[in-house]
Amino acid sequence: MNALKILPLVLLYPAAASAAETDGWWQPFSAINSGDTAWVMTSAVLVLFMTLPGLALFYGGMVRKKNLLSTMMHSFSVGALVSVLWMLIGYSLAFTPGNAFIGGLERVLLNGMSLDVAKEMVTVSPNAGSVPEAVFMFFQMTFAVISTAIIAGAFAERMKYSAMMLFSGLWMLLVYVPTAHWVWGGGFMSAGGVFDYAGGTVVHINAGVAGLVAALVLGKRVGYGKEAMPPHNMAFTLVGAAMLWVGWFGFNAGSAVAANASAGMAMAVTQIAAATGALVWLLCEKLVGHKPSALGLASGAVAGLVGITPAAGFVDPKGALVIGIVTAAGCYWASVILKRKLGYDDSLDAFGIHGFGGLIGAVLTGLVFNNQIFGGDAVIGKQVLIQLKDALTTIVYSGVMSFVILKVVSIVCGGLRVERDIEREGLDLNIHGERVE
């Protein structure tokens, strides 16, 4: 048999092996737990609520009025785009059997994910054996949506809509999907023992680093550092932050993928970290001589939520308190002091809060975990090294791949930024033909 005849068999073998493994995903209806299913469905809606409308309002309130619709369009458009791409191929590559680096092709177009009412059988994922696979797929889809949408906070008010859409789609497939597989889909980070309950590495470090790279590649907004760029509507931002806070319980407690004791503890520590983060940020403002601000309150709460995300299933309330304090203080330093010193324009602190906060949370998870909470036998020194190694791996991968994607998108779209006059006049009217009166 010559090479040309062998090649198709070699290419088809991984898919065939994957198909054989996923055939075992069929389970009787009796294997489905209605309580777990109801909770994961509710959690999925809560996580989607974080993006639509939570993140849209949170980001929208912080930009200038002339870019309000454009900024909110980012979240809505990414929500639609990522949902379709996740259905087409993203879910399959992230969560079906493959190798240590990427999943298989068995669920392309969600092929094979189904139920048979007559036989009372339904497919379930090994990651969530007590809920229908369709519910687990949708839950994970909402994670991909918000992870991609977070990045837009770094390049708000200056990126072409076409470039933003192309970059978002490519980034989700080439960066988010592989890292999700590494940590949650049976990849090498999972095998190495990383603690990432709900996405400190996969979501926040990943998106935050991509945002920083995008901010550096695009450059500063016209007038940045020379003109005042106050938030357009802090009421929007506070409402958006409240939606993020409430939705985050689906993010963290939902990651138990069951209505059980682990979900209950994850919910409790999430609230403790968020509340602590909000108070610590206000204290930081007071210590440097500023008035306690609504933006600070919202930023601190989100920082605490980011920090607890990787740790939610591994820490007790005392650990959550530590994470809330350290993460909020660290994010304040990164967003207010570091950004000013280095001079980059991370418009809405996507890196300062999500990237930097995700890194702090990932490392602290290896320090303040409680084996009793999750039935583990981890050792602090070893776990910190694992957390650091995988966080740094994600930083390098996301940074390099985001840079490459941006360069490719720039070529395809004839540049990443809108023209100077368009940026001055505002993106709402020039790109979308609409504006807020």
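When a residue number appears, it is its place in the shown sequence, counting from 1. Computation of the quantities below employed the complete heavy-atom set of this structure, encompassing side-chain atoms and omitting hydrogens, waters and symmetry-equivalent molecules.
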Side-chain donor-acceptor pairs of residues 325-332 under 3.5 Å, sequence neighbours excluded:
| residue | atom | partner | partner atom | Å |
| --- | --- | --- | --- | --- |
| T327 | OG1 | I323 | O | 2.7 |

Check against side-chain contact (heavy atoms from CB on, under 4.5 Å), I360 and L364:
CA-CA 6 Å; I360 294 173; L364 286 178; 3.6 Å; yes

Once side-chain hydrogen bond (donor to acceptor under 3.5 Å, both in side chains) is applied, what residue pairs with a partner in residues 377-392 remain, sequence neighbours excluded?
Q383-Q387

Test ring pair (Phe, Tyr, Trp, His ring centres under 6.0 Å) applied to Y176 - qualifying residues, sequence neighbours left out
none

Considering all heavy atoms of both residues, which atom of P317 and which atom of M265 are nearest to each other, and what is their separation?
CD-SD, 4.0 Å

Under 3.5 Å, is there a donor-acceptor pair between the side chain of N371 and the main chain of G375?
no

Sequence neighbours left out, what pairs pass side-chain hydrogen bond (donor to acceptor under 3.5 Å, both in side chains) with at least one residue falling in residues 134-160?
R64-E157, N67-E157, E157-R221, R158-S347

Closest heavy-atom pair, F143 versus S255, reported as atoms and distance to 0.1 Å, is CZ-OG, 3.6 Å

If I take atom CE from residue M172 and atom CG from residue L81, how far apart are they, to the nearest 0.5 angstrom?
7.0 Å

Nearest non-hydrogen partners of I89 and L105, listed with the distance
CD1-CD2, 4.4 Å

Do S335 and W281 have side chains that get closer than 4.5 Å, going by heavy atoms?
yes

Just so I know, are the side chains of I308 and T365 near enough to count as touching, which here means a heavy-atom distance under 4.5 Å?
no

Y91, W26, W25 screened by side-chain hydrogen bond (donor to acceptor under 3.5 Å, both in side chains) with E133, the one that passes:
Y91

Pair S70-D428, side chain to side chain donor-acceptor pair (under 3.5 Å): steps then yes or no
CA-CA 5 Å; S70 171; D428 288 1; 4.6 Å; no

Donor-acceptor pair, D196 side chain versus G200 backbone, under 3.5 Å?
yes

Can you list the residues that meet the ring pair (Phe, Tyr, Trp, His ring centres under 6.0 Å) rule with F351, with sequence neighbours excluded?
none

When you measure from the side chain of N260 to the backbone of A263, do you find a donor-acceptor pair of N or O atoms at a distance under 3.5 Å?
yes

Is I405 close to V175 at the side-chain level, that is, under 4.5 Å between some pair of heavy atoms?
yes

Can you name the residues that form a side chain to side chain donor-acceptor pair (under 3.5 Å) with T42, not counting sequence neighbours?
none

Report the distance from atom OG1 of T201 to atom CG of L392, rounding to the nearest 0.5 Å.
10.0 Å

Sub-4.5 Å side-chain heavy-atom contact between H432 and M73:
yes

What I want to check is whether the side chains of T394 and N206 have a donor and an acceptor closer together than 3.5 Å.
no

Is the backbone of G103 close enough, under 3.5 Å, to the side chain of T96 for a donor and an acceptor to pair up by distance?
no

If you apply the rule side chain to side chain donor-acceptor pair (under 3.5 Å), what do you find for S190 with W184, and how did you get there?
CA-CA 6 Å; S190 174; W184 298 325; over 6 Å; no

A quick test of your reading: do over 12 heavy atoms of other residues, nucleotides or ligands sit less than 6.0 Å from CE of M41?
no

CA sep, side-chain torsions, deciding dist, call: H204, I150, side-chain contact (heavy atoms from CB on, under 4.5 Å):
CA-CA 8 Å; H204 298 295; I150 285 169; 4.2 Å; yes

Mind checking whether I102 and W182 have side chains closer than 4.5 Å, heavy atoms only?
no

With rounding to the nearest 0.5 Å, note down the distance linking CG in D36 to CZ in F136.
13.5 Å

Would you say the side chain of T51 lies within less than 4.5 Å of the side chain of F76, judging by non-hydrogen atoms?
no

Ring centroids only, cut at 6.0 angstrom: are W333 and F356 within range, meaning strictly under it?
yes

Which atom of S293 lies closest to which atom of E285, heavy atoms considered
OG-OE2, 2.6 Å

Quick check: do V213 and L406 have side-chain heavy atoms less than 4.5 Å from each other?
yes

Looking at F374 versus Y197, is the centre-to-centre ring distance below 6.0 Å?
no

Can you list the steps and then say if F58 with S75 is a side-chain contact (heavy atoms from CB on, under 4.5 Å)?
CA-CA 10 Å; F58 182 69; S75 294; over 6 Å; no

Would you confirm whether the ring centroid of W248 sits within less than 6.0 angstrom of the ring centroid of F49?
no

Please give me the minimum heavy-atom distance between I431 and M159, naming the atom from each residue.
CD1-O, 4.3 Å

In Å and rounded to the nearest 0.5 Å, what is the CD1 to CZ distance from I373 to F314?
11.5 Å

V363 and L359, any side-chain heavy atoms less than 4.5 Å apart
yes

Euclidean distance, D345 CG relative to L212 CG, rounded to 0.5 Å
11.0 Å

So, do H74 and Y161 have ring centers that fall under 6.0 Å from each other?
no

Scanning both residues in full, the closest heavy-atom pair of A94 with W86 reads CB-CH2, 3.8 Å

Between H181 and N99, is there a donor-acceptor pair closer than 3.5 Å when you use the side chain of the first and the backbone of the second?
yes

Might you work through the side-chain contact (heavy atoms from CB on, under 4.5 Å) test for K339 and Y344, ending with a clear yes or no?
CA-CA 6 Å; K339 182 170 73 169; Y344 58 87; 3.7 Å; yes

Rounded to the nearest 0.5 Å, what's the gap from CG on L170 to CE on M165? Could you check?
11.5 Å

